[in-house]
2 protein chains.
Amino acid sequence: MDADISGMLIFSIYLNVMPNLTLRDMAKALGLSVSTVSKALRDSYEIGAETKKRVLDYAQANHYFPNRMAKSLKEGKSGSVGVVICSIDNNFVSRMLDGIDSACTKAGYDLIIMQSKESLSQEKSCIRQLEARGVEGVLISPSSETVDFAHLSDVRAMGMPVVLFDRIGDRFGSYQVGIDNRDGAFRATQHLIANGYKRIAMLNIGPGIHFAMQRSRGYADALEEHGIPYRDEYVHVCGPLAGEALKGAVTDAIRSLLALPEPPDALFTATDQLSTFSLRALHERGCRIPEDMALIGFCNTELAPILTPPLSTVYQPAFEIGRIAAEKLIGLITGKEHPDHYETVMLPIRLDVRESSRRKASASA
Amino acid sequence: MDADISGMLIFSIYLNVMPNLTLRDMAKALGLSVSTVSKALRDSYEIGAETKKRVLDYAQANHYFPNRMAKSLKEGKSGSVGVVICSIDNNFVSRMLDGIDSACTKAGYDLIIMQSKESLSQEKSCIRQLEARGVEGVLISPSSETVDFAHLSDVRAMGMPVVLFDRIGDRFGSYQVGIDNRDGAFRATQHLIANGYKRIAMLNIGPGIHFAMQRSRGYADALEEHGIPYRDEYVHVCGPLAGEALKGAVTDAIRSLLALPEPPDALFTATDQLSTFSLRALHERGCRIPEDMALIGFCNTELAPILTPPLSTVYQPAFEIGRIAAEKLIGLITGKEHPDHYETVMLPIRLDVRESSRRKASASA
DNA sequence: TTGAAAGCGCTACCAA
DNA sequence: TTGGTAGCGCTTTCAA
């Protein structure tokens with residue numbers, strides 16, 4: 001035993017490495033067998049109180065902690081879940097991740113996060129790697145390229161639960177958690193109508209993006225319900241663009257809206273970036289908000305209240321989406337949810353009404 | 001073999017589970033030994049071309065992929081690195097994570113991300129769990145409670161490389177990657193001076209927060225270098241507060257600044273939230289920016305350009321911080337960097353000059 | 001109440 | 001060129 005210790009010291013001096021204690025090390029040190037030590041640590045009824053105490057004390061004193069790789073291999077499960085998102089560098093996404101982490105931490109699962117960067121092939125590779133890592137389930141917000149879900153059904157067919165979040169749809173039967181986009185757009189539009197606006201324009205992205213189409217529907221439904229005709233010239237689809245290109249498209253759209261013989265008196269922007277770019281474009285053209293044009297948008301920034309004017313927004317419960325999706329996944333993993341009973345949870349949005357859409361001055365009622 | 005396949009089918013039908021292929025399965029199916037199959041897959045020179053092809057084809061056709069838990073256990077390393085941050089729900093943090101992910105993905109490492117929520121005990125628990133998971137190194141941005149770094153030196157003493165990022169200091173000898181806070185504050189202040197402002201106030205947080213103190217120093221140094229006296233009444237420390245409390249403190253600070261007999265003509269805000277709360281408080285008090293008060297702040301939002309007026313900011317290269325920190329860590333893991341040669345990398349900030357700090361109208365030169 | 005041994009899937013060493 | 005075998009650290013029968 002002395003020899004052991006001095007060997008350890010030398011090891012430590014030369015390599016600055018003190019290898020982790022294993023069950024075998026402890027068994028040898030205590031003159032017990034590996035299985036006894038293992039059972040003692042797991043508080044098995046088979047082990048005597050005194051032995052248990054000896055083992056526990058020794059483990060504590062020497063900072064033993066079990067090797068999870070070995071445990072995972074042995075048990076065939078890793079205690080971790082995989083998350084595939086397009087980009088972590090996004091406000092909305094990080095709030096969802098926070099929710100996911102909250103549920104997973106509570107249930108004792110670790111998170112392995114991978115980014116697909118909106119690429120289907122990267123998404124497939126992420127799934128592959130997560131599978132190889134032995135994650136017990138996958139949470140995924142599919143890339144915009146993902147129209148075929150074979151890679152997800154494959155992985156599920158192998159017994160791995162999959163839950164879609166945020167970017168949900170009807171293309172893939174599965175547990176899904178997202179928001180009710182149609183309803184959000186409906187309520188935003190309705191709010192403008194209620195505040196006296198009648199010529200309501202919409203900026204959207206698309207075409208073919210599921211959530212965007214839902215939002216278009218909500219907009220159209222609200223107009224119809226209030227007997228306001230849908231005007232094509234009030235609706236702009238600013239392509240599936242990003243960065244400067246999108247900004248240019250928004251600027252053009254705003255310009256043409258303002259140039260109409262009968263320009264709109266309110267604007268509903270269907271995404272985060274459309275909202276902020278629109279705000280900027282309207283500012284640049286000297287358009288007063290909300291006097292010349294009211295504005296409400298889907299928006300995920302906490303900065304909405306400090307914009308000028310404070311921006312009315314459709315607030316999406318990102319944290320909750322993540323939390324609920326993760327809870328569903330864990331339910332599936334632990335067998336509390338039945339894997340074949342697919343369910344889609346659509347969380348309601350919250351309307352945060354601020355200055356940019358306040359009641360129209362000229363409105364009578 | 002027929003029996004095998006039909007067994008598989010039944011299994012699949014009943015349990016909807018198709019267990020992953022193992023080396024042994026393949027060896028049996030191909031009439032080879034496990035080690036031959038293993039070597040063939042790793043393209044070993046020991047294996048004949050024909051055998052290799054047979055194995056590879058079979059593996060491909062049956063979607064074989066290696067079990068990383070087993071590989072990890074065997075090789076004693078997991079191919080993953082741990083990241084400990086305070087909160088993922090933060091713009092700046094997610095940009096750093098993006099940088100970390102970029103470097104790690106390139107080097108073939110997975111990321112396990114854990115949140116300490118600004119709690120030392122949670123931070124310790126994160127480290128523990130990562131250790132147990134067999135991560136090969138840890139990237140950490142310590143919690144604000146962390147003044148004692150024993151948990152980090154312990155883990156490092158066990159041979160696990162540790163790299164600090166963002167929240168760096170001199171309390172813990174280690175590789176560290178962050179920004180040059182003193183220089184950032186110095187340059188921001190200098191910019192205001194260069195634009196004709198002389199009565200420059202500063203809002204900071206603290207006390208005792210390392211990076212905040214660095215920023216205070218940069219501010220003071222810039223004043224001194226330009227022969228402008230440091231005035232206590234121009235400097236407010238809005239406690240280590242959060243949310244509404246911080247907002248209240250900022251509002252109070254702004255009020256007292258404006259109430260001074262000789263109020264400042266410019267304001268330098270040392271953090272993200274101080275900047276946005278100040279902007280709001282100034283707006284609310286009818287203070288024109290930059291005519292009545294110029295403003296420049298440390299700020300991590302991409303919304304700075306669309307604020308009113310567009311806000312001048314000290315831009316911190318978050319992605320780069322993450323990327324470089326991760327590269328250092330990987331260097332340490334792979335032995336390319338020497339573990340005892342501590343190094344602190346301080347990245348320069350970038351001054352994004354916008355409307356809120358434009359040249360003072362009355363300034364002569 | 002304790003211990004021996006098998007085995008999770010993989011790699012690597014050595015023998016054939 | 002191929003195969004047998006030991007063993008990574010753990011859990012879990014089954015014996016003692």
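Lettering follows sequence order; numbering is per chain, from 1. What you are looking at is a predicted structure, and each value in this text was computed from that prediction instead of being measured.
Bounding nucleotides for the chain B contact on DNA chain D, 5' to 3', at a heavy-atom distance below 4.0 Å, are dT1(D) to dG9(D).
Residue pairs meeting the ring pair (Phe, Tyr, Trp, His ring centres under 6.0 Å) criterion with at least one partner in residues 124-146 of chain A, sequence neighbours excluded, do not occur; the list is empty. Here ring pair (Phe, Tyr, Trp, His ring centres under 6.0 Å) pairs that include residues 112-141 of chain A, with residues two or more places apart or in two chains, number zero. Screening residues 111-133 of chain B for ring pair (Phe, Tyr, Trp, His ring centres under 6.0 Å), with sequence neighbours left out, gives no hits.
Using a 4.0 Å heavy-atom distance criterion, Thr22(A) is classed as a sugar-phosphate-only contact.
Between the CZ atom of Arg133(A) and the C1' atom of dC8(C) there is a distance of 17 Å, rounded to whole Å. Atom CG in Asp25(B) sits about 10 Å away from atom P in dC8(C), given to the nearest Å. Atom pair Met69(B):CE and dG7(C):P shows a separation of 19 Å (rounding to whole Å applied).
Checked against side chain to side chain contact (heavy atoms under 4.5 Å, CB included), Lys52(B) has the following partners two or more places apart in sequence or in another chain: Ala40(B), Asp43(B), Ile47(B). Residues forming a side chain to side chain contact (heavy atoms under 4.5 Å, CB included) with Ser125(B) (at least two apart in sequence, or on another chain): Gln129(B). Considering only residues two or more places apart in sequence or on other chains, Ser33(B) meets the side chain to side chain contact (heavy atoms under 4.5 Å, CB included) condition with Ser35(B), Thr36(B). Contacts of Asn62(A) classified as side chain to side chain contact (heavy atoms under 4.5 Å, CB included), with partners at least two apart in sequence or in another chain: Leu21(A), Tyr58(A). With sequence neighbours excluded, the residues forming a ring-ring contact (aromatic ring centres under 6.0 Å, His included) with Phe149(B) are Phe172(B), listed by chain and number.
In this structure, Arg42(B) does not reach the dC10(C) phosphate: none of its side-chain N or O atoms is under 4.0 Å from OP1 or OP2. Checking the phosphate oxygens (OP1, OP2) of dC10(C), no side-chain nitrogen or oxygen of Arg68(B) falls inside 4.0 Å.
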When you compare the protein's N or O atoms with those of nucleotides 2-6 of chain C, which come within less than 3.5 Å of each other, and at what distance?
residue	atom	partner	partner atom	Å
dT2(C)	OP1	Thr51(A)	OG1	2.5
dT2(C)	OP2	Gly48(A)	N	2.6
dT2(C)	OP2	Thr51(A)	OG1	3.3
dT2(C)	O4	Glu46(A)	OE1	3.2
dG3(C)	OP2	Ser33(A)	N	3.0
dG3(C)	OP2	Ser33(A)	OG	3.4
dG3(C)	OP2	Thr36(A)	OG1	2.4
dG3(C)	N7	Ser35(A)	OG	3.4
dG3(C)	O6	Lys39(A)	NZ	2.2
dA4(C)	N7	Ser35(A)	OG	3.1
dA4(C)	N6	Ser35(A)	OG	3.1

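Each of Tyr45(B) and Arg24(A) lies near DNA chain D, and the nucleotide nearest Tyr45(B) is the one positioned closer to the 5' end.
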Donor-acceptor pairs are to be reported for all side-chain atoms of residues 63-74 of chain B against protein atoms at under 3.5 Å, with residues two or more places apart or in another chain.
residue	atom	partner	partner atom	Å
Asn67(B)	OD1	Met69(B)	N	2.7
Asn67(B)	OD1	Ala70(B)	N	3.0
Ser72(B)	OG	Arg68(B)	O	2.6

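A rotation axis mapping the C1' atoms of four pairs onto the next four is fitted at both ends of the helix from dT1(C)-dA16(D) to dA16(C)-dT1(D) over five pairs, and the angle between these axes is 50° to 10 degrees.
Taking 4.0 Å as the cut-off between side-chain N and carboxylate O, Glu118(B) and Arg167(B) count as a salt-bridged pair.
At least one side-chain heavy atom of Arg156(B) sits under 4.5 Å from a side-chain heavy atom of Ser174(B).
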